[in-house]
Number of protein chains: 2
Amino acid sequence: MPPTSETLTAERILEATEEVLRRHGPAKATVVDVARALGVSHGSVYRHFRTKAALREAVTKRWLDRTSLRLAGIVDAEDRDPRQRLRDWLAALFAAKRHKAGDDPELFATYTVLTDELGGVVFEHIADLTGQLTRIITAGAGSGDFSVPDPAAAARAVFQATGRFHDPCYAREWTAPGIDEEFTAVVDLLVRGLSSPSR
Amino acid sequence: MPPTSETLTAERILEATEEVLRRHGPAKATVVDVARALGVSHGSVYRHFRTKAALREAVTKRWLDRTSLRLAGIVDAEDRDPRQRLRDWLAALFAAKRHKAGDDPELFATYTVLTDELGGVVFEHIADLTGQLTRIITAGAGSGDFSVPDPAAAARAVFQATGRFHDPCYAREWTAPGIDEEFTAVVDLLVRGLSSPSR
DNA sequence: CAGCTGACAGATTTCAATATCTGTCATTCC
DNA sequence: GGAATGACAGATATTGAAATCTGTCAGCTG
């Protein structure tokens with residue numbers, strides 16, 4: 001909180017921004033506040049981020065990327081069979097989102113507001129995640145575990161069909177009793193669909 | 001719009017309420033406005049609906065029930081095979097929601113606001129719809145088209161997995177290009193999952 | 001001279017005064 | 001006497017004046 005007299009970097013600004021967001025919510029996350037938290041004038045922040053929107057975008061991207069990175073590990077665990085890898089990946093996605101929503105609901109709500117201001121960043125994040133899914137499904141198609149003509153299309157379908165377990169608009173239902181059974185039921189159905197041998 | 005001097009009934013109040021909502025949106029839908037539209041004093045409205053919330057609830061229920069009713073026809077079309085009936089039903093649900101959202105976006109937005117104020121009414125509506133789905137899936141299980149141990153659980157899974165195509169929180173994506181292909185991909189996957197013979 | 005500052009114009013947000021609404025009920029009307 | 005009214009108290013929403021914020025830039029500072 002004291003104006004650490006290191007040089008002002010984009011990274012330090014992003015850290016301060018996240019801290020301000022955590023404390024005050026999305027409405028109060030003004031550029032002036034961020035500058036105040038860093039002990040600099042707001043003009044300096046504009047040297048690193050052209051607009052307030054760019055700053056919000058960068059901090060949101062950082063937040064989303066942390067999730068992508070966690071999941072990337074599962075994609076490459078090539079010792080497990082693709083069916084199990086798919087289940088693991090989806091379960092990890094659900095767990096990650098649920099944690100973010102549960103541990104710091106304020107910050108999660110904040111980012112939920114930010115994400116639906118910022119179409120582009122979210123679009124890329126989803127493309128990233130469905131890309132990971134595509135790799136798992138392609139592996140399964142190669143090994144004969146899955147029978148799908150178009151792994152990328154299948155990946156999008158799986159991602160969309162599990163939206164209830166990762167889309168922020170359902171966050172308030174993630175603590176409902178029975179949600180884990182619902183998750184398992186949906187995933188089972190999808191895995192069976194992907195595995196089904198007949199065309 | 002003149003104060004039709006018929007007696008004041010709950011039904012007439014609901015009609016007027018929907019009209020006011022359509023014209024002014026959810027914020028401006030005051031009891032006073034509804035009364036004004038009917039040419040009566042607002043005290044009279046309170047004779048039929050104990051609170052403003054009860055009025056909003058009743059008008060919302062009416063709106064949701066119109067959708068349920070349309071779909072009920074498909075459930076009982078027992079001449080078609082269950083797989084096709086399931087596809088038809090899901091397509092009809094998507095079409096119905098998409099129409100409501102597209103034809104009168106104002107009114108749809110209004111009801112979207114109302115529905116997430118009113119948990120209970122929506123819960124019942126969803127129970128009604130998954131009930132219809134359960135009947136189709138049960139029929140399919142009986143005929144051997146579907147292999148599911150618990151049709152009701154499968155119905156909930158199918159309903160949740162298709163949320164992207166009926167949940168209002170996705171309404172803005174219903175006009176995106178490629179949405180029909182996405183719908184077909186998800187439904188195909190689910191139908192294959194339900195049909196899969198292995199355990 | 002590269003990085004920072006702070007004053008500024010125009011846009012946005014806050015806040016308190018004002019107006020409107022909700023829900024009740026004693027009274028009026030047919 | 002059953003249905004409707006309209007005045008009322010407390011809660012909620014609207015409004016516009018004042019405060020704050022965004023984004024720029026000429027000038028300071030090291």
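Each chain gets a letter, A, B and so on, in the order the sequences are listed, and its residues count up from 1.
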Whole-Å distance separating the CG atom of A:L55 from the P atom of D:dG23: 10 Å
Check nucleotides 4-9 of chain C for protein N or O atoms closer than 3.5 Å to its own N or O atoms and list the pairs.
{"unit_1": "C:dC4", "atom_1": "N4", "unit_2": "A:R47", "atom_2": "NH2", "d": "3.4"}
{"unit_1": "C:dT5", "atom_1": "OP2", "unit_2": "A:S41", "atom_2": "N", "d": "2.9"}
{"unit_1": "C:dT5", "atom_1": "OP2", "unit_2": "A:S41", "atom_2": "OG", "d": "3.4"}
{"unit_1": "C:dT5", "atom_1": "OP2", "unit_2": "A:S44", "atom_2": "OG", "d": "2.7"}

Between D:dC21 (C1') and A:R36 (CZ): distance, integer Å: 10 Å
Distance in angstrom units between A:R50 CZ and D:dG23 C1', rounded: 12 Å
Whole angstrom value for the distance that separates P of D:dG23 from OH of A:Y46: 4 Å
Aromatic B:F159 / basic B:R156 pairing, under 6.0 angstrom, 45° off normal: no
Integer-rounded Å distance: D:dT22 P and A:F49 CZ: 14 Å
Distance in angstrom units between B:I13 CD1 and D:dA3 P, rounded: 13 Å
Side-chain (B:H125) to main-chain (B:S68) donor-acceptor, under 3.5 angstrom: no
Atom-to-atom span, CG of B:L38 to P of D:dT5 - whole angstrom: 10 Å
Worked check of side chain to side chain contact (heavy atoms under 4.5 Å, CB included) between B:R135 and B:D76: CA-CA 9 Å; B:R135 289 178 60 193; B:D76 300 313; 2.6 Å; yes
Sugar-phosphate only, base, or nothing, as touched by A:V32 at under 4.0 Å among non-hydrogen atoms: base
N-O pairing of B:E182 and B:R164 below 4.0 Å: yes
Nucleotide D:dT20, atom C1' - distance to NZ of A:K52 in whole Å: 11 Å
Contacts of type side-chain contact (heavy atoms from CB on, under 4.5 Å), residue B:E57, not counting sequence neighbours: B:L118, B:V121
Lys/Arg N to Asp/Glu carboxylate O, B:D33 vs B:R36, below 4.0 Å: yes
